[in-house]
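So that the names make sense, note that chain A is the first sequence line, chain B the second, and so on, each numbered from 1.
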Number of protein chains: 2
Amino acid sequence: MSETKDRPYHHGDLRRALIDTALDMLATDQNWAFTLREVARRTGVSHAAPYKHFRDREMLLRELARIGFNRLGEAMTEAMSPDLPSTRAQFMAAAQACIGFACQNPGLYRLMFSSDADKTIDPSLHDAAMNTFGILLGLLEKGQRDGSFRPVAISAQAAAGWAQVHGLAMLAISHQLLEEKVGPAPIPAALDVLLDGMCRSN
Amino acid sequence: MSETKDRPYHHGDLRRALIDTALDMLATDQNWAFTLREVARRTGVSHAAPYKHFRDREMLLRELARIGFNRLGEAMTEAMSPDLPSTRAQFMAAAQACIGFACQNPGLYRLMFSSDADKTIDPSLHDAAMNTFGILLGLLEKGQRDGSFRPVAISAQAAAGWAQVHGLAMLAISHQLLEEKVGPAPIPAALDVLLDGMCRSN
DNA sequence: TGTATAAGTTTCTCCTGTAAACATGGAGGG
DNA sequence: CCCTCCATGTTTACAGGAGAAACTTATACA
């Protein structure tokens, strides 16, 4: 109505628009059961248009997951401010940022780790996931260097740390960490249990 | 051919047969993308027959997940033999049994924790999941009673333990714990990192 | 013996994913 | 300045799938 061009002939940036719509639907429904046709519909284009930008539905899902990993990485990086007093505190902050991200974007987080976002198919998705993992790994290396973390095989700590964070995130968004079941503030408490096993002295 | 009754008029136990077929397909494909019609076809009945036993596709999936939790619980219970020298060893055994189950049934395990097996809808599925969680919880309580585990809030240990086991299982079946990335035998090593944080003295 | 019912089957409608053929408008060459 | 090409859209078409509804059949029970 108030637009000078009522309908742009060629839309401009449909790829981005489709992604945004899909992210919206993911956030609204907290699942990715949405249909590609519905995404097209809501974006205001014909139901076949998306195929000019995504080979198939799964390719769109993988792109959403990739974006999710990037955003997660940003959130974690931002959280582990170098002002924090210790590497342990940084780890705690990054972990809580990850879990917070999951709780705020449960659908997206689930998608990122689901088999519908197959990392063996899309190298850029695989890389995005690895980069996020790398954030924690970097922290552990730093912790071992500065002596605050025990000099255990870094791989063991990395596996434990990543598993812990991801596991807590999944449990949190599945509402399996409700207070009445598992006490208040279970997440930092659980992370402390792990960190007690990772760090040298308290 | 060799059957006395060529085709049983009313099949006998279609519900069970459908479940078995679906479990087979899940194990074969390692995903639950199969169609309900395909399950019916392979079971040798009309495509509408399953609806006499499952309201919809998701109800069948939830039933598969429920069976999965029961089997997982059995595997864990069996693994944590009371002959083991310590509660810590029992925990380790149960955890490895869980992860082993996941690696042997990746599709089923993923389904069990996916949003397609919505535990808020089906109380019996929810209970099955909680029972499995209860196995670990029981071990932690025992460990605290016998003094081998630190007297931290049980909820924190429970969350940490469950998250760790589940997280490792997910990483393992996503092939994110490959030796070249994370060293040999990363699973017991990672579990030890956690257990060091849970247990009193080594 | 007769009949209500659970368990199967057929048929139908609406929807999806995806392919193929067609349309269009903006960018670059003459 | 016009004309043609190509990326980006649209239309049309088709093979399934989910699930509802109506129909069929054997079996259990009165």
Does the plane of the ring in A/Trp162 sit parallel, tilted or perpendicular to the ring in A/Phe113? Use 30° and 60° as the thresholds. tilted

Between atom CG in A/Asp13 and atom C1' in D/dA7, what is the gap in whole Å? 14 Å

Under 3.5 Å donor-acceptor, A/Lys119 side chain and A/Met112 backbone: yes

Verify whether the ring centers belonging to A/Tyr109 and A/His166 lie closer than 6.0 Å. yes

Tell me which residues in residues 15-29 of chain B lie within less than 4.0 Å of DNA chain D, going by non-hydrogen atoms. none

A/Thr87 and A/Asp146 side chains, donor-acceptor separation under 3.5 Å: yes

Starting from P on D/dA18, measure out to CG on B/Asp116 and report it in whole angstrom. 13 Å

If only side-chain N and O atoms count, and only distance matters, is there a donor-acceptor pair under 3.5 Å linking A/Lys142 with A/Gln90? yes

Report the residues that fulfil ring pair (Phe, Tyr, Trp, His ring centres under 6.0 Å) with B/Phe149, sequence neighbours left out, ordered by chain and then residue number. none

For B/Leu125, does its backbone N or O pair with a side-chain atom of B/Asp122 as donor and acceptor, under 3.5 Å? yes

Classify every nucleotide of nucleotides 12-17 of chain D by which part a protein heavy atom approaches to under 4.0 Å, writing B for the base, S for the sugar-phosphate alone and - for neither, in 5'-to-3' order. BB---S

On DNA chain D, nearest-nucleotide positions of B/Lys52 versus B/Asp56: which is more 5'? B/Asp56

Polar side-chain atom of A/Gln30 near backbone of A/Gly107 as donor-acceptor pair, under 3.5 Å: yes

Could you check which of D/dG9, D/dG19, C/dT9 has an atom nearest any side-chain atom of B/Ser46? C/dT9

Measure the distance from CZ on A/Phe54 to P on C/dG17 and round it to the nearest whole Å. 14 Å

B/Met59 has an atom CE; how far is it from atom P of D/dG19, in whole Å? 12 Å

